[in-house]
Amino acid sequence: MSLTKPRTMPGVLELLPLEQIAFQGVLDGIRRNFERFGFLPVETPVIELSEVLLTKTGGETERQVYFVQSTGSLKQGDEPELALRFDLTVPLARYVAEHEHQLQFPFRRYQMQRVYRGESAQRGRFREFYQCDIDVIGKDALSVRFDAELPAVIHGIFSELAIGPFTIQMNNRKLMRGFFERVGVTDPEQQGLVLREVDKIDKRGEAYVRDALMGEQFKLGADAVAQILAFIAQRSNGHEDAVAKLDALGGGNAMLEAGVAELKEVLAFVRALGVPEANYAINFSIARGLDYYTGTVYETTLNDHPQIGSICSGGRYENLASHYTKSKLPGVGISIGLTRLFWQLREAGLIGTASSSVQAMVALMNEADLPKYIELATQLRAAGINTEVQLEPKKLGKQFQYASKAGIRFVLVLGEDEMAKGTVSVKDMPRELQYEVARAELAKTLRVEIEQLAAMPKGLAS
RNA sequence: GUGGAUAUAGCUCAGCUGGUUAGAGCAUCGGAUUGUGAUUCCGAGGGUCGUGGGUUCAAAUCCCAUUAUCCACCCCA
């Protein structure tokens, strides 16, 4: 009999237990911050009706959507009426439109679930990945103040994750469009296309963008292109500098002035919310590819790891659910592509070796004493320490080896010597030390040790 | 969807212009007088060289096809 090679489809991330523990640590940290800022949990089904999911049919999304069909339906040759969601924003729009009358507005929701895209295989590109989204949805209108709250959440998350210094780069689409209008790109559609080209500056370089803007598609004059390139090259350094750069832009049309005013207000509130000025900046090249952004846009990057690119991005949109309801629902949101983020942090060596969620293991010294080991474990579990017991006889060396490889920190030895003395030998595997503790003090001692390690500075889930 | 590269052990790879039983490191498993791990030493298992065809006395090696994977573009988290 030939064996089937066990493998996953390309583009999925499957983790070993210790990695999974680290991953969940990140997920929990993100969730904690979302909740701390008053966002409410929502989950939506992985599968949506195709007609709901594909309202804004367009080349790219449709190409990447996985359709779902039951075998029976497939046999009858029916068109698939179900599909896997490819992001969390479209389901959110459907959700808000569907439950509009039961929700309180402004509606602040967070959602951390997997989404699916038929990407062609590539490094760091996934077909199944976690998105961690927060959005605030207003009814009819939503103050630009909410745009300032999101950087505060981002700051909370990435400070807590301790993955090094980061910068939340901000820009405003109105400001960009207004600027393009001033240099002579007046057609909104053209402006959108220019936005996309300009967004590539960091990846493709100035020469590429210049060629693109002066080329067939845009035919912009050398002067206009020079102005655009100078504009998008600007990055602020500190709060005052950011305000100064906005003032220096000048005016000229309503769009530009509105954008400048919005971004200024956002900056003021970001500071008021306590985000350190080292963690945010304006960057006039940030545009975001998606067309639905209309105002503030964000992209967060790690200062020491520019190659990772954006680790969190989002922006303001005018009307979330125009396909599902006549109500006008403006919103602002951000998304963290957690699977990719985790993958990249691991590649960059920013994720330490996780320790197991199992905190202690009771060794099996003598099979006849197994009930005593179980009793010890029960006592520790009652004290809130995750404990496993060796249930099969193995050489003691093997038991230690097992604990070491499994990432279990404490091995507890309760042999004849210890029982006679009423003590337990504790071996702290990573620290390579061993000591004896009175049985009655054991749980307390372990607690103290665990808390001490947790209090130490560390990277992700050390 | 467009263009390019690669395919040898579980993983990372070596194998020069075709020539006996295809190698290494890591990993796995066993052992070094039975109450101590990740470092050391000794030993073992594991590959029809992606698949199919062709050239040849002889193919992992050359040619063709096919499949899979990877990289870039597009797009995006």
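Labels below follow one simple rule: chain letters A, B, ... track the order of the sequence lines, proteins then strands, and each chain is numbered from 1.
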Self-check item: Spacing of the C1' atoms in B/U56 and B/G19 (rounded, Å)
Solution: 12 Å

Exercise. Provide the distance between the two P atoms, one in B/U8 and one in B/U55, to the nearest whole Å.
Key: 26 Å

Quiz prompt | Parallel, tilted or perpendicular: rings of A/Tyr317 and A/Tyr293 (30°, 60°) | solution = tilted

Exercise. On the 0 to 90° scale, with breaks at 30° and 60°, tag the A/Trp343-A/Phe126 ring pair as parallel, tilted or perpendicular.
Key: perpendicular

Have a look at [X] and say if it touches a base, only the backbone sugar-phosphate, or nothing, with a 4.0 Å heavy-atom cut-off.
{"X": "A/Arg288", "value": "sugar-phosphate"}
{"X": "A/Tyr130", "value": "nothing"}
{"X": "A/Glu128", "value": "nothing"}

How long is the line joining [atom1] of [X] and [atom2] of [N], in whole Å?
{"X": "A/Leu364", "N": "B/G37", "atom1": "CG", "atom2": "P", "result": "17 Å"}
{"X": "A/Phe23", "N": "B/A77", "atom1": "CZ", "atom2": "P", "result": "17 Å"}
{"X": "A/Lys405", "N": "B/C26", "atom1": "NZ", "atom2": "C1'", "result": "13 Å"}
{"X": "A/Gln401", "N": "B/C29", "atom1": "CD", "atom2": "C1'", "result": "11 Å"}
{"X": "A/Phe410", "N": "B/A38", "atom1": "CZ", "atom2": "C1'", "result": "17 Å"}
{"X": "A/Asp199", "N": "B/C76", "atom1": "CG", "atom2": "C1'", "result": "11 Å"}
{"X": "A/Lys395", "N": "B/U34", "atom1": "NZ", "atom2": "C1'", "result": "6 Å"}
{"X": "A/Phe400", "N": "B/U36", "atom1": "CZ", "atom2": "C1'", "result": "4 Å"}

Look at the side-chain N and O atoms of [X] and state whether any lies under 4.0 Å from the OP1 or OP2 oxygen of [N].
{"X": "A/Lys394", "N": "B/U36", "value": "no"}
{"X": "A/Lys398", "N": "B/A38", "value": "no"}
{"X": "A/Arg196", "N": "B/C75", "value": "yes"}
{"X": "A/Lys200", "N": "B/C75", "value": "yes"}

Self-check item: Candidate list A/Thr294, A/Thr296, A/Asp147, test side-chain hydrogen bond (donor to acceptor under 3.5 Å, both in side chains), partner A/Arg316, passing option
Solution: A/Asp147

Taking any strand in view, what nucleotide pairs with [N] in a Watson-Crick or G-U wobble way, both distances under 3.5 Å?
{"N": "B/G45", "answer": "none"}
{"N": "B/C70", "answer": "B/G4"}
{"N": "B/A59", "answer": "none"}
{"N": "B/C75", "answer": "none"}
{"N": "B/U40", "answer": "B/A32"}
{"N": "B/G52", "answer": "B/C64"}
{"N": "B/G25", "answer": "B/C11"}

Quiz item: Where along residues 426-438 of chain A does a heavy atom come under 4.0 Å from RNA chain B, residue by residue in number order?
Solution: A/Lys427, A/Met429, A/Glu432, A/Gln434

Practice problem: Check A/Ile157, A/Leu161, A/Thr300 against A/Phe166 for a side chain to side chain contact (heavy atoms under 4.5 Å, CB included) and give me the one that passes. | Solution: A/Thr300

Quiz prompt | Lys/Arg N to Asp/Glu carboxylate O, A/Glu128 vs A/Arg114, below 4.0 Å | solution = yes

Practice problem: Before giving the answer on side chain to side chain donor-acceptor pair (under 3.5 Å), spell out for A/Thr8 and A/Glu14 the whole-Å C-alpha distance, their side-chain angles and the decisive distance to 0.1 Å. | Solution: CA-CA 8 Å; A/Thr8 57; A/Glu14 193 171 68; 5.4 Å; no

Exercise. Show your reasoning for whether side chain to side chain contact (heavy atoms under 4.5 Å, CB included) applies to A/Val42 and A/Phe107.
Key: CA-CA 11 Å; A/Val42 161; A/Phe107 177 54; 4.0 Å; yes

